[in-house]
Amino acid sequence: MTYDIIYREPSLEASSEVTTEEQNRVFAKLSKIATSETREPWDWDYKNLKDHRQLDGRFRIGDLRVLITLHKDKDMIEIHSIVQRKNGY
């Protein structure tokens, strides 16, 4: 099953804090996750975030964390921010 990826404005601003190479790696990985025919998004390096009310979880891509809301009923991955691991959530 394929998923649509929606980037919220803060996620694009946060992505300016990472290098172009890191951005390319993140976008390639998210595309792979969204278009996988054999794996669901939560089958990737995904972790639920229980302490966040607005976020479902995060993907780990190297030293970066992609904070998301996963809309299973709409087949959509909503990207809220892309942050360096050292900068926290």
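Keep in mind it's a predicted model, so treat the numbers as computed, not measured. Along the sequence shown, residues carry numbers from 1.
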- Apply side-chain contact (heavy atoms from CB on, under 4.5 Å) to the pair K47 and R60, showing each step before the final yes or no. CA-CA 8 Å; K47 180 179 179 182; R60 181 175 60 114; over 6 Å; no

How long is the span from the [atom1] atom in [X] to the [atom2] atom in [Y], to the nearest 0.5 Å?
X   : Y   : atom1 : atom2 : value
N24 : K29 : CG    : NZ    : 15.0 Å
L67 : I82 : CG    : CD1   : 9.0 Å
T2  : D4  : OG1   : CG    : 7.0 Å
L64 : Q23 : CG    : CD    : 9.5 Å

- Item | For H80 against T69, the heavy-atom pair lying closest together | NE2-OG1, 2.7 Å

- Looking only at heavy atoms, which two atoms of L30 and I5 are closest? And how far apart? O-CD1, 3.4 Å

- Between S31 and F27, is there a donor-acceptor pair closer than 3.5 Å when you use the side chain of the first and the backbone of the second? no

- Query: Any donor and acceptor pair, going by atom type alone, linking the side chain of D56 with main-chain N or O of L70 inside 3.5 Å?
  - Reply: yes

- Message: Let's go through Q84 and D63 carefully: what are the C-alpha distance in whole Å and the side-chain angles of both, what is the deciding distance for side-chain contact (heavy atoms from CB on, under 4.5 Å) to 0.1 Å, and is it a yes or a no?
- Response: CA-CA 6 Å; Q84 292 281 347; D63 288 338; 4.2 Å; yes

So, using side-chain contact (heavy atoms from CB on, under 4.5 Å) as the criterion, who are the partners of [X] when residues are at least two apart?
X   : answer
D43 : R39, E40
D75 : M1, Y3
K32 : W44

- Query: Any side-chain heavy atom of I68 within less than 4.5 Å of one from F59?
  - Reply: yes

- Message: Any heavy-atom pair between the side chains of V26 and V66 that's under 4.5 Å?
- Response: yes

- Step by step, would you call Y46 with I33 a side-chain contact (heavy atoms from CB on, under 4.5 Å)? CA-CA 10 Å; Y46 174 79; I33 290 169; over 6 Å; no

- Item | Verdict with supporting geometry, L49 and R58, side-chain contact (heavy atoms from CB on, under 4.5 Å) | CA-CA 7 Å; L49 296 177; R58 62 100 174 121; 4.2 Å; yes

